[in-house]
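Below is one structure, written out as structure tokens; comments come after it.
Because the structure is a prediction, the values reported are computed rather than measured.
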Amino acid sequence: MDKTTQKTSKITGSQALLESLIQEGVDTIFGYPGGAIMPVYDALYDYKDKLEHILVRHEQGAAHAAEGYAHVTGKPGVALVTSGPGATNLITGIADAMLDSVPLVCISGQVALSLLGTDAFQEVDVIGITTPITKWNYQITKASEIPEVIAKAFYIASTGRPGPVVIDITKNAQMELTDYKPAKFKGIVGYNPTVKPNMKQIKLAADLLNKAKKPYMLIGHGILISHAEKEVLKLAEKLDMPVASTLLGLSAVPTAHRLYAGMLGMHGNYAPNVLTQEADVILAVGMRFDDRVTGRLSDYARGAKVIHIDIDPAELNKNVKTEVPIVANAKDALEELVKTVSKQTHTSWIKKFRGLDAIEEEKIKKKELQSRKDKSLHMAQVVDMLSKKTKGEAVVVADVGQHQMVAARNYAYKNAHSYITSGGLGTMGFALPAAVGAKKGAPKKQVVAIIGDGSFQMNIQELATIAQENLPVKIIILNNNFLGMVRQWQELFYDNRYSFTNLKNPDFVAVAKGFFLNAEKITTEDDLPAAMERMLQSEKPYLLEVVVNKETNVFPMVPTGAAVHEIRLE
């Protein structure tokens, strides 16, 4: 083989990176170019038919868009950025994905190997910064490393408890020539996520559930991650057992199902919180007993024996004492439980849930949805109408705040993976870019972003991404001219001292039209049906600003430091 043939048989590190992404089934990348990642972007120019690149307007938007894509597809979302501020702008999204167990592969450019440690232009220690908020990170300094490292990155991001991985690639590694050979990743010594459950533990759990008088299942994001929605219902129906969901577990069980008890937590439903204290056996699956779910830990579920199923052994006995811990993939564990338990009936126990539901309906829901003399709108009216007009089949992407809780409580979810939000980190500005990713991942679904006026301004620049891609994302801004959730706390616990929560907002419709998007604003109940219909029927992106009551509070609410049964209805 002559030298010329040898040269032409090699490819650059940048090309090897793109070939490796294709090898992993990647079809969409969310990113923003810059100096240290420019060789990859130059190579990407020739891959337009294989890899779609979505140009965000801020790197945080790339991370959240990748999260939205991962939520609806189950595949790792991919973000591509430059060094320095490009990489650091990803940090919030990476931390968000870590807390919510969302698989991401974030790739950042880095200065050349010869410049590392010299404080070169746009050099930052990406590995040091991201170590606490990733499942794994690695700095590539040679082109020959790329195929194996990328294969390893996708393996780690998507196996066991999913999460984000960061790969930092020096500029010289992007430009060097290398022999490309697709890498098949075979596993890592010491990293063996348990999938199949221990059958002795399954038998212990089944015995507890068979003897229970008041069994109760709590489900979290792990159900959706493991695609265990059918197994949840099979087990619940066999045991005649109520099922309540965490915020991130929403949509795993259809809201209308007779055994669905509602949402757990600080702003969850009345019955599932109060009756946690009456359950004698609690089966928790794919959830981590977050403080927003448990309230005051010393008083949480004092009468219950807890069975906890999670793929991450670190979550077992971390917050709540567990009678039967089971380390396993949720789907596999539930399949075995369905086979092992006996059919039961718990009519009177389920009636208790329905009785408390009626109290919440009377004291909260009816008031939220009723017409007012001035025809002003409550957030719940907007979400309720959206639910009815979309028949519970839209993908709702909620930002963080009062509107997030209202969307969680008032939309009747029919399909799995149809409620997407920032849970553990509570990241304002999440929804707009996440809706971009969700729409790219599920192009045939109606994707509706529900956003507060404060949250909307956090990543408002992503309207340009939506406009450039002509993505028919629908955006509802619930505008109360306040940082609503903070204001609620200031009213209830800080003597109405509204410290820096009152917002003077821009003209959101004018801003949207500045990005060449269709937009309108409504202020009364009479205008809502037609406006929402126009938004939903539009084949283009559409922003609907809805002015809602300025000082409405979201109830029920478990005050900080209270036990879950001390939940307030007003």
Side-chain angles (χ1 to χ4, degrees), residues 7 10-21 29-47 53 55-64 66 77-98 104-154 156-157 163-180 183 188 461:
K7 284 182 180 178
K10 294 178 180 287
I11 63 174
T12 66
S14 295
Q15 292 169 314
L17 171 64
L18 300 179
E19 291 290 344
S20 298
L21 293 177
I29 299 170
F30 304 92
Y32 202 94
I37 198 68
M38 205 172 292
V40 174
Y41 270 88
D42 181 64
L44 193 56
Y45 191 86
D46 296 321
Y47 281 78
H53 180 275
L55 178 65
V56 296
R57 296 306 191 265
H58 188 282
E59 291 89 352
Q60 183 182 348
H64 293 324
V78 178
L80 180 67
V81 300
T82 193
S83 63
T88 58
N89 283 344
L90 281 178
I91 298 299
T92 297
I94 294 169
D96 192 273
M98 187 68 176
L104 295 187
V105 174
C106 297
I107 301 165
S108 57
Q110 183 56 276
V111 301
L113 176 61
S114 61
L115 293 174
L116 284 177
T118 68
D119 292 333
F121 178 65
Q122 291 192 334
E123 180 191 2
V124 72
D125 182 5
V126 173
I127 300 303
I129 290 170
T130 60
T131 294
I133 54 169
T134 52
K135 280 189 75 178
W136 182 61
N137 60 15
Y138 186 83
Q139 186 174 75
I140 294 174
T141 59
K142 296 182 294 184
S144 58
E145 297 179 281
I146 289 172
E148 185 176 352
V149 171
I150 293 300
K152 185 175 180 180
F154 277 84
I156 292 174
V165 168
V166 166
I167 303 301
D168 195 43
I169 309 181
T170 58
K171 197 166 184 178
N172 62 286
Q174 300 170 43
M175 300 170 71
E176 290 169 1
L177 291 175
T178 185
D179 291 307
Y180 174 73
I188 306 165
Q461 76 284 338

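Here the shortest heavy-atom pairing between S20 and P147 reads OG-CA, 3.5 Å. Closest non-hydrogen pair, H58 versus V56, comes out as O-CG2, 3.3 Å. What you find for I146 and A173 is that their closest heavy atoms are CD1-O, 4.0 Å. Residue A157 comes nearest to V105 through the heavy atom pair CB-CG2, 4.2 Å, listed as atom of the first residue, atom of the second, then distance. Listed here is the closest heavy atom pair of G128 and P132: O-CD, 3.9 Å. Residues L90 and A79 share a closest heavy-atom pair of CD2-CB, 4.1 Å.
The structure places OG1 of T12 at 10.0 Å from CD of E19, a figure rounded to the nearest 0.5 Å. For the atom pair I107 CD1 and I29 CD1, the distance stands at 7.0 Å (nearest 0.5 Å). We find the CD-CD distance between Q60 and Q461 to be 8.0 Å, quoted to the nearest 0.5 Å. Atom CG of residue L44 and atom OG of residue S14 lie 10.0 Å apart, to the nearest 0.5 angstrom. The CE atom of M98 lies 11.0 Å from the CG atom of L104; values are rounded to the nearest 0.5 Å. Rounding to the nearest 0.5 Å places CG of L177 at 9.0 Å from CD1 of I11.
E123 places a side-chain N or O within 3.5 Å of a backbone atom of G117 that can act as its donor or acceptor partner. At least one donor-acceptor pair under 3.5 Å links the side chain of N137 to the backbone N or O of I127. In this structure, Q110 contributes its side chain and I140 its backbone to no donor-acceptor pair below 3.5 Å. Checking side-chain atoms of N89 against main-chain N and O of P85 turns up a donor-acceptor pair under 3.5 Å. In this structure a side-chain-to-backbone donor-acceptor pair under 3.5 Å is present from E176 to A143. In this structure, the side chain of N172 engages the main chain of T141 through a donor-acceptor pair within 3.5 Å.
The side-chain heavy atoms of Q122 and V111, taken from C-beta on, include no pair separated by under 4.5 Å. No side-chain heavy atom of S83 sits less than 4.5 Å from a side-chain heavy atom of F121. A 4.5 Å side-chain heavy-atom check between Y47 and Q15 finds at least one atom pair inside the cut-off. Residues I167 and W136 are in side-chain contact: their nearest non-hydrogen atoms beyond the backbone lie under 4.5 Å apart. Looking at F154 and L21, their side chains come closer than 4.5 Å, going by heavy atoms from C-beta outward. In this structure the side chain of P33 never reaches within 4.5 angstrom of the side chain of M38, judged on heavy atoms. Two residues are said to be in side-chain contact when any heavy atoms from C-beta on lie closer than 4.5 Å; C106 and I94 meet this criterion. Contact check for Q139 versus V126: no side-chain heavy atoms found under the 4.5 Å cut-off.
Judged as a ring-ring contact (aromatic ring centres under 6.0 Å, His included), and not counting sequence neighbours, the contacts of H53 are Y41. Listed by chain and number, the residues in a side chain to side chain donor-acceptor pair (under 3.5 Å) with S108 are D168 (sequence neighbours excluded). Looking at residues two or more places apart in sequence or on another chain, you find no side chain to side chain donor-acceptor pair (under 3.5 Å) involving K152.
Residue-environment remark: OH (Y32) stays at or below the threshold of 12 foreign heavy atoms within 6.0 Å. Atom CD of E148 sits in a sparse spot, with 12 or fewer heavy atoms from other residues, nucleotides or ligands closer than 6.0 Å. Sparse packing is recorded around CG of D119, with 12 or fewer heavy atoms of other residues, nucleotides or ligands lying under 6.0 Å away.
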side-chain contact (heavy atoms from CB on, under 4.5 Å), that's the test. Do I37 and Q174 meet it? Break it down for me. CA-CA 8 Å; I37 198 68; Q174 300 170 43; 4.0 Å; yes
